[in-house]
Amino acid sequence: MAEGTNASNFIRDIVAADLAAGKHGGRVVTRFPPEPNGYLHIGHAKSICLNFGLAQETPGGICHLRFDDTNPTTEDPEYVQSIQDDVRWLGFDWQDKLFFASDYFERLYEFAERLIRKGAAYVDSLTAEDMRTYRGTLTEPGRNSPYRERSVEENLSLFREMRAGKFPDGTHVLRAKINMASPNINLRDPVLYRIRHAAHYRTESAWCIYPAYDYAHPLSDAIEGITHSICTLEFEDHRPLYDWVIEQAQTPHRPQQIEFARLNISYAVMSKRKLLELVEKKLVAGWDDPRLPTIKGLRRRGYTPEAIRAFCDHIGVAKRDAVVEMQLLEHFIREDLNKRSLRVMAVLKPLKVVLDNYPEGAAEELDAVNNPEDPSAGTRKVPFSRTLYIERDDFLEDPPKQFFRLAPGREVRLRYAYIIKCVGVTKDPQTGEIIELHCTYDPSTKSGADEARRKVKATIHWVSTTHATQAEIRLYNPLLIADLSKVPTDHDWTTYLNPQSLERITGCQVEPSLKGAPPGSRFQFERLGYFCTDLDSTNDSPVFNRTVPLKDAWAKLDKGQPPR
RNA sequence: UGGGGGAUCGUCUAGCGGUAGGACGCCGGCCUUUGGAGCCGGCUACCUAGGUUCGAUUCCUAGUCCCCCAGCCA
């Protein structure tokens, strides 16, 4: 985490105290342990920044990347790849510490036999339904399974037969023998292994029994020598179980589980389950759809790793449930892009302007600054000629009081160019629509010429019609949900999605320099906000993605108010 | 009703017995070679009730509200 923030991070304090006390031999080893069952989103970024950040802050500290791939039915190598890409893109490095829980299956199995031998685990043959009944409820204690007192020998041979594939799915499980009357339901003999005759994306058909999270996770941490095992709040009452497994397995290393509040962002779809549903039902273009809060979506939206990291630093790490406003995320990308993106001129809704007193066929190149906040970004030449496009909105035939831009008889400055005066308006005789404007330019007012510093009320942007290149702009609003927590499980998504989440604007005219812009380059169109070129675009004409701020997104919704 | 957690501006947070600070946001104003940029100013908070104390956001007690847990998911 960056210095200079006053955002809380109680975990950093714990780590510092442990370090000072010489705990864990003065080492800090953290891990980011995703299950490869989906793409990473901004919520994962918080965990990534936390775990990798903690390791970075400590001399000799390291953060592992471990795939928690203990459930063969949900996992896929595609996700393994995308997760690695995203962590790297965010700017973090696991060095050679890339691990897979599935690589520990054999050792985990040996630990299980050890538990059986010491009478700490048994094979249960209840059906899933019966097991639920025996577990009791939140207020009533559970009852012991009739299979709970099987002998060590019987348990051992049953467990070996489970591994050997002698039984179909669901017929037996290995359970920890803890306490069926525990007020903590997680301690009522939790399942350690289940039978799953399914191919695993890495171990293929080598196994038909798979360890459960509560069993595999603490042991994986112990095997890797993790010192601080950081997870989210919902695992708080799993901690006694985490410690129980470590204790029973007698591992030489004892990791420590610490919980923090997961990130929620207002109106963003953040659950993997729901994101998967959106992708599978093709309600979005894919995991990298710019309307999604996935890392890849944010990236296509124009977000930078730096902005995401700054955001994560700012929001802090605490134990209280929190919902961060999306405006805060937007603030960090605006701040970052302001410093680094090149300013260019673009006209979204073109209106042709003819400069009557500018020589026909002539052209000149004018100097334009690339970034007013960063002189090192340099300048570029912008071609100027007799016919230009200006923004339709920058002209009004009958301007109201507060309108200072172009109007008949009125003067305005063209950015980086001259002051022009509107002397005529050409309309379509049929429709009355304004087709073009006739103006005169004042040659003595060329930008930068200080003898002609006449003041005008407004400055507008423009592009030369003969030099401009056409572009398509896609405006992506975030996918808003009226109230995510109220969305029923089997709902119709379309009623909750922002109907105007994607808008295409074609026929835009942009500076010629944008034609060869590399994919993903970021620009700020003067007065119009931030854009990046499409990361996928192989088109000749540029396609831009634009981040639409929430405020504007709301304005486009019916009531113009945040949904509540 | 069992267990585990958590409550400070609208939002995210700082605070560790001594004037409640920052950031986002919002509202004004300025800037006019374009702002959704920049600059200036303003806005609003300690869950409640008792107690301890010269003094409580902080300590104690009793409540209230919110979140999580009854997958052979993670």
### Summary
Testing B:C72, B:U33, B:G25 for proximity to the side chain of A:Val173, the answer is B:C72
### Query
Which nucleotide in the list B:C72, B:C24, B:A74 gets nearest to the side chain of A:Thr70?
B:A74
#### Entry: Separation of the C1' atoms in B:G5 and B:A56, to the nearest angstrom
24 Å
## Note on the structure
Across all chains, not counting sequence neighbours, the side chain to side chain donor-acceptor pair (under 3.5 Å) partners of A:Arg334 are none
### Query
Counting any heavy atom closer than 4.0 Å, what does A:Leu126 reach on the DNA or RNA strands: base, sugar-phosphate only, or nothing?
base
### Task
Determine the Euclidean distance between corresponding C1' atoms of B:U57 and B:G21; express it in Å to zero decimal places.
13 Å
### Query
When rounded to the nearest Å, what value does the distance between C1' atoms of B:G29 and B:G22 take?
23 Å
### Query
Toward the 5' end of RNA chain B, which comes first, A:Leu528 or A:Ala212, by nearest nucleotide?
A:Leu528
### Query
Which part of the nucleic acid, if any, lies within contact of A:Tyr193, taking any heavy atom under 4.0 Å across all strands shown: a base, the sugar-phosphate backbone alone, or nothing?
nothing
### Message
Can you list everything that forms a salt bridge (Lys or Arg N to Asp or Glu O under 4.0 Å) with A:Arg160? Sequence neighbours excluded, please.
### Response
A:Glu113
### Query
How would you label the contact of A:Leu414 with the nucleic acid (heavy atoms, under 4.0 Å): base, sugar-phosphate, or nothing?
nothing
### Query
Any side-chain N or O of A:Arg415 under 4.0 Å from OP1/OP2 of B:U34?
yes
### Message
With rounding to the closest Å, how many angstrom separate the C1' atoms on B:C59 and B:G18?
### Response
15 Å
### Task
Look at A:Asp169 together with A:Arg196 and state whether they make a salt bridge at an N to O cut-off of under 4.0 Å.
no
Sub-3.5 Å pairs of nitrogen or oxygen atoms, protein against nucleotides 69-71 of chain B:
unit_1: B:A70; atom_1: O2'; unit_2: A:Arg135; atom_2: NE; d: 3.2
unit_1: B:G71; atom_1: OP2; unit_2: A:Arg135; atom_2: NH2; d: 3.1

### Message
What's the gap between B:U61 and B:C72 when it is taken at their C1' atoms, as a whole Å value?
### Response
45 Å
### Message
Between C1' on B:G35 and CZ on A:Phe404, what's the gap in Å once rounded to a whole number?
### Response
16 Å
### Task
State, yes or no, whether a side-chain contact exists between A:Ile48 and A:Val87 at a heavy-atom distance under 4.5 Å.
yes
### Query
With sugar-phosphate meaning primed atoms plus P, OP1 and OP2, does A:Arg262 contact a base, only sugar-phosphate, or nothing at under 4.0 Å between heavy atoms?
nothing
### Task
Scan A:Lys272 against the nucleic acid and name what it touches under 4.0 Å (heavy atoms): base, sugar-phosphate only, or nothing.
nothing
## Note on the structure
Applying ring-ring contact (aromatic ring centres under 6.0 Å, His included) to A:Tyr389 and not counting sequence neighbours gives none
### Query
When all nucleic acid strands are considered with a 4.0 Å heavy-atom cut-off, which category describes A:Ala128: base, sugar-phosphate, or nothing?
base
Every protein N/O lying under 3.5 Å from an N/O of nucleotides 5-9 of chain B:
unit_1: B:G5; atom_1: O2'; unit_2: A:Glu236; atom_2: OE1; d: 3.1
unit_1: B:G5; atom_1: O2'; unit_2: A:Glu236; atom_2: OE2; d: 3.2

### Task
Using atom CD of A:Glu411 as one end and atom P of B:U32 as the other, report the distance to the nearest whole Å.
18 Å
## Note on the structure
The residue among A:Arg239, A:Arg262, A:Lys319 that forms salt bridge (Lys or Arg N to Asp or Glu O under 4.0 Å) with A:Glu234 is A:Arg262
## Note on the structure
By nearest-nucleotide position on RNA chain B, the 5'-leaning member of A:Glu335 and A:Ala322 is A:Ala322
### Message
Any base atoms under 4.0 Å from A:Thr171, or only sugar-phosphate, or nothing? Heavy atoms, all strands.
### Response
nothing
### Task
Check every atom of B:U33, B:A74, B:A37 against the side chain of A:Glu373 and return the nucleotide holding the closest atom.
B:A37
### Summary
Picking from B:U34, B:A74, B:A37, the nucleotide nearest the side-chain atoms of A:Arg194 would be B:A74
### Message
Over all strands shown, is A:Ala261 touching base, sugar-phosphate only, or nothing at heavy-atom distances under 4.0 angstrom?
### Response
nothing
### Query
Is a donor-acceptor pair below 3.5 Å formed from side chain A:Gln524 to base B:G35, judging by atom type as modelled?
yes
### Message
I'd like to know if A:Arg527 and A:Asp394 make a salt bridge, using a cut-off of under 4.0 Å between side-chain N and carboxylate O.
### Response
yes
### Message
Considering every strand and a 4.0 Å limit on heavy-atom distances, what is the contact class for A:Ile460: base, sugar-phosphate, or nothing?
### Response
base
### Task
Could you go through the side-chain hydrogen bond (donor to acceptor under 3.5 Å, both in side chains) check for A:Asp69 and A:Tyr201 one step at a time?
CA-CA 9 Å; A:Asp69 51 357; A:Tyr201 76 100; 2.7 Å; yes
### Donor-acceptor pair (no angle test) under 3.5 Å: A:Thr459 side chain, B:U32 base
no
### Query
Which residues pass the ring-ring contact (aromatic ring centres under 6.0 Å, His included) test with A:Phe167, sequence neighbours left out?
A:His172
### Query
How is A:Met345 classified with respect to the nucleic acid when contacts are heavy atoms under 4.0 Å: base, sugar-phosphate, or nothing?
base
#### Entry: Closest nucleotide among B:U34, B:U11, B:G35 to the A:Asn338 side chain
B:G35
### Query
Which whole number of Å gives the distance between the P atom of B:C16 and that of B:G28?
36 Å
### Query
When we call it a touch if two heavy atoms are under 4.0 Å apart, what does A:Arg334 touch: a base, just sugar-phosphate, or nothing?
sugar-phosphate
### Query
Considering residues at least two apart in sequence or located in another chain, which fulfil the side chain to side chain donor-acceptor pair (under 3.5 Å) criterion with A:Glu224?
A:His64, A:Arg66, A:Tyr104
### Query
A:Phe100: what forms a ring-ring contact (aromatic ring centres under 6.0 Å, His included) with it, not counting sequence neighbours?
A:Phe67
### Query
Under 4.0 angstrom, heavy atoms only, what part of the nucleic acid is A:His461 near: base, sugar-phosphate, or nothing?
base
### Message
Measure CG/A:Asn370 against P/B:A37 and give the value in whole Å, please.
### Response
21 Å
### Query
Can you tell me how far P in B:C9 sits from the matching atom in B:G4, rounded to whole Å?
27 Å
### B:G15 versus B:G55 - spacing of their P atoms, nearest Å
26 Å
### Summary
The ring-ring contact (aromatic ring centres under 6.0 Å, His included) partners of A:Phe311 (sequence neighbours excluded) come to none
